[in-house]
**Student:** 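Let me begin by handing over the structure; questions about it come next.
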Amino acid sequence: MTLQPLRSLKRSIGRRIFGADPIILMYHRVADIPVDPWGLAVHPARFEQQIARLRRLRRVVHLHELLDLERRRAPSDKPLAAVTFDDGYHDVYSNARPVLQRLDCPMTLFVTTGIIGTDREFWWDAVARVFLEIDHLPESLTLDIAGKECRWAVPPFSDHQARDRIFREVWGRLRILPHDAQTQLLSEIGEWSSCDLAAREMHRAMTAVEVRNISDGLITIGAHTLTHPTLPAHSVDVQFKEIAESRRACEELAGAAVRAFAYPFGDHSDATARAVREAGFDLACTVDARSVRRNAEPLTLPRIYVGDWKDDEFEKRIEDPSL
């Protein structure tokens with residue numbers, strides 16, 4: 001059998017398997033932005049097409065209802081899906097919310113509470129802004145990271161591949177740091193680049209009022225830590241504080257109980273999952289790209305990343321996440 005028929009057979013089997021299992025979709029942004037190194041943004045028009053297609057293919061339910069409804073679903077019923085967003089970007093309020101309301105599609109928004117209502121951007125956007133959007137930078141960068149001197153030769157803006165490489169290296173170094181150290185290094189990078197790194201309207205997080213307003217029954221709030229750390233890189237006490245205090249902050253913002261959590265970057269360990277349970281959550285989501293199998297562990301639910309795909313590509317991807 002040639003490669004193409006094998007791929008077709010794989011897709012056919014995938015449709016039968018994944019079409020029956022519930023799925024959880026993971027979005028971050030609904031926006032048209034010029035620089036998007038991690039592919040977090042879906043164009044508003046494309047997002048509407050995706051949600052319309054999803055509603056035709058599946059019954060979309062609240063995340064907190066998914067496991068119970070799946071246990072009671074008859075074989076002839078539509079397969080189930082849940083929609084989630086991570087972080088708390090303003091464009092989810094301005095661009096995604098109207099589409100979800102118009103198409104009557106429930107969603108869970110996992111909020112990184114420490115940035116809500118601040119004048120800062122998410123740190124990964126600030127780093128991308130410096131290295132991928134500023135034409136003229138000094139020829140070298142030196143940072144003291146966790147007691148180690150790190151040096152980079154900074155390529156010209158015309159060398160996009162090299163600029164992307166240094167961006168990803170700096171991003172990787174900052175990702176595992178404590179929040180205070182991360183913030184200090186961002187300040188140093190801002191001074192070095194002569195960029196104040198104040199939040200741009202296009203990239204800002206929601207305000208507290210917007211989080212309250214978006215929590216309207218159709219859209220529910222979940223927690224996504226205080227500062228979006230790589231949780232397993234930190235002590236158990238730090239992990240619990242990030243998890244438990246984000247739940248408290250979300251409940252204050254939403255005025256309702258918060259039952260679901262999403263691991264930043266999808267990173268978690270057994271200790272992280274225990275901390276989530278001890279903080280009082282019923283459900284937690286990873287970024288494992290697969291459907292929700294029978295008897296799934298509620299604190300490590302898989303989710304399927306959604307990119308800026310046309311609706312036909314979107315359907316293929318959610319039917320077979322291995323593509």
Side-chain angles (χ1 to χ4, degrees), residues 14 17-18 21-30 36-42 47 50 54 58 60 62-64 66-67 80-89 92 96 107-113 115 122-125 128 168 171-172 174-176 220-234 239 242-243 246-247 250 258-277 279 281-293 296-309 313-314 316-323:
I17 294 173
F18 291 104
D21 290 335
I23 57 174
I24 304 170
L25 302 187
M26 177 180 63
Y27 289 91
H28 292 81
R29 306 192 62 177
V30 175
D36 187 16
W38 302 115
L40 297 183
V42 176
F47 176 68
Q50 290 178 354
L54 179 66
R58 290 173 176 267
V60 186
H62 285 289
L63 176 63
H64 62 265
L66 185 73
L67 297 181
L80 302 179
V83 174
T84 67
F85 275 81
D86 284 5
D87 302 329
Y89 283 95
V92 178
M107 181 268 276
T108 296
L109 172 65
F110 292 111
V111 180
T112 304
T113 53
I115 200 168
F122 291 98
W123 70 265
W124 52 87
D125 288 330
R168 292 174 190 273
W171 175 90
L174 266 61
R175 171 177 164 168
I176 60 174
T220 59
I221 300 300
H224 199 39
T225 71
L226 296 172
T227 65
H228 206 286
T230 299
L231 285 167
H234 303 285
Q239 292 187 57
E242 284 277 348
I243 294 164
S246 71
R247 183 186 182 198
C250 282
V258 170
R259 302 174 55 187
F261 180 83
Y263 300 101
F265 308 108
D267 294 334
H268 63 284
S269 63
D270 290 344
T272 312
R274 284 195 296 273
V276 169
R277 182 181 293 108
F281 290 99
D282 300 327
L283 304 169
C285 291
T286 69
V287 297
D288 297 336
R290 53 186 174 82
S291 61
V292 182
R293 307 294 173 79
E297 166 52 55
L299 294 183
T300 53
L301 293 173
R303 287 188 296 173
I304 301 169
Y305 157 84
V306 180
D308 189 31
W309 306 321
E313 178 71 9
F314 169 78
K316 291 178 184 177
R317 297 279 190 141
I318 68 172
E319 286 182 342
D320 186 354
S322 67
L323 289 174

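Everything quoted here is computed from the prediction, not taken from an experiment.
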**Student:** When rounded to the nearest 0.5 angstrom, what distance separates CG in D87 from CZ in R29?
**Tutor:** 9.5 Å
**Student:** Examine distances only and state if a side-chain atom of T112 and a backbone atom of L226 form a donor-acceptor pair shorter than 3.5 Å.
**Tutor:**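 No, because the side chain of T112 does not come within donor-acceptor range (under 3.5 Å) of the backbone of L226.
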**Student:** Quick one: CG on D320 to CZ on R290, what's the gap to the nearest 0.5 Å?
**Tutor:** 14.0 Å
**Student:** Shortest non-hydrogen contact from V42 to G307?
**Tutor:** CG2-O, 3.5 Å
**Student:** Are P37 and W171 packed together at the side-chain level, in the sense that at least one heavy-atom pair is separated by less than 4.5 angstrom?
**Tutor:** no
**Student:** Just jot down the ring-ring contact (aromatic ring centres under 6.0 Å, His included) partners of H268, sequence neighbours excluded, or say none.
**Tutor:**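 Listed in chain order: Y263.
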**Student:** How would you list, by chain and number, every residue that makes a ring-ring contact (aromatic ring centres under 6.0 Å, His included) with H234, sequence neighbours excluded?
**Tutor:** none
**Student:** Measure from the ring center of W124 to the ring center of H228 and say whether it is less than 6.0 Å.
**Tutor:**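 Aromatic pair counts; centres sit under 6.0 Å.
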**Student:** Are any non-hydrogen side-chain atoms of D36 and D308 less than 4.5 angstrom apart?
**Tutor:**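 No, their side chains stay 4.5 Å or more apart.
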**Student:** Determine, step by step, whether D125 and Y89 satisfy the side-chain contact (heavy atoms from CB on, under 4.5 Å) criterion, reporting the C-alpha distance in whole Å, the side-chain angles of both residues, the deciding distance to 0.1 Å, and the verdict.
**Tutor:** CA-CA 11 Å; D125 288 330; Y89 283 95; 2.7 Å; yes
**Student:** Checking side-chain contact (heavy atoms from CB on, under 4.5 Å) against R303, which of D86, I23, V292 comes through?
**Tutor:** D86
**Student:** Heavy atoms, side chains only, cut-off 4.5 Å: are V30 and Q50 in contact?
**Tutor:**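 Contact flag for V30/Q50 side chains = no.
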**Student:** For a 4.5 angstrom cut-off between non-hydrogen side-chain atoms, does V306 reach F314?
**Tutor:** yes
**Student:** If every non-hydrogen atom of P302 is compared with every non-hydrogen atom of T286, which pair is closest and at what distance?
**Tutor:** CA-OG1, 3.6 Å
**Student:** Rounded at 0.5 Å granularity, tell me how far CG in L174 sits from OG1 in T230.
**Tutor:** 10.5 Å
**Student:** Taking the six-membered ring of F281 as reference, does the cationic atom of R247 (NZ for Lys, CZ for Arg) lie under 6.0 Å from its centre and within 45° of its axis?
**Tutor:** yes
**Student:** I'd like to check the ring-ring contact (aromatic ring centres under 6.0 Å, His included) partners of W309; sequence neighbours left out, ordered by chain and number.
**Tutor:** Y305
**Student:** Distance from L299 atom CG to R277 atom CZ, nearest 0.5 Å?
**Tutor:** 5.0 Å
**Student:** Checking R168 now: which residues fulfil side-chain hydrogen bond (donor to acceptor under 3.5 Å, both in side chains) with it, not counting sequence neighbours?
**Tutor:**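 With neighbours one apart ignored, the set is D164.
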**Student:** CD1/I243 to CZ/R274 distance, rounded to the nearest 0.5 angstrom?
**Tutor:**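 Those atoms lie 11.5 Å apart.
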**Student:** Looking at residues at least two apart in the chain, or sitting in another chain, which of them share a side-chain hydrogen bond (donor to acceptor under 3.5 Å, both in side chains) with W123?
**Tutor:**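 W123 satisfies side-chain hydrogen bond (donor to acceptor under 3.5 Å, both in side chains) with no other residue.
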**Student:** Closest approach of A223 and S246, non-hydrogen atoms and distance?
**Tutor:**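 Closest approach of A223 to S246, heavy atoms only: CB-OG, 3.5 Å.
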**Student:** Supply the atom-to-atom distance T300 OG1 to L283 CG, rounded to the nearest 0.5 angstrom.
**Tutor:**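 Those atoms lie 10.5 Å apart.
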**Student:** Applying ring-ring contact (aromatic ring centres under 6.0 Å, His included), name anything that partners F47, two or more places apart in sequence or on another chain.
**Tutor:**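 ring-ring contact (aromatic ring centres under 6.0 Å, His included) list for F47, sorted by chain: Y27, F85.
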**Student:** Considering non-hydrogen atoms only, spot the tightest contact between A82 and L63 and give its length.
**Tutor:**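 Closest heavy-atom pair between A82 and L63: CB-CA, 4.0 Å.
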**Student:** Do any N or O atoms from the side chain of D21 and from the backbone of S291 form a donor-acceptor pair under 3.5 angstrom?
**Tutor:** no
**Student:** Can you give me the closest heavy-atom contact between G222 and C250, atom names plus distance?
**Tutor:** O-SG, 3.5 Å
**Student:** Can you tell which of L231, T113, T272 makes a side-chain contact (heavy atoms from CB on, under 4.5 Å) with E242?
**Tutor:** L231
**Student:** Using modelled atom types only, decide if a donor and an acceptor are shared between the side chain of T84 and the backbone of L25 within a distance under 3.5 Å.
**Tutor:**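 Checking the backbone N and O of L25 against the side chain of T84, a donor-acceptor pair under 3.5 Å is found.
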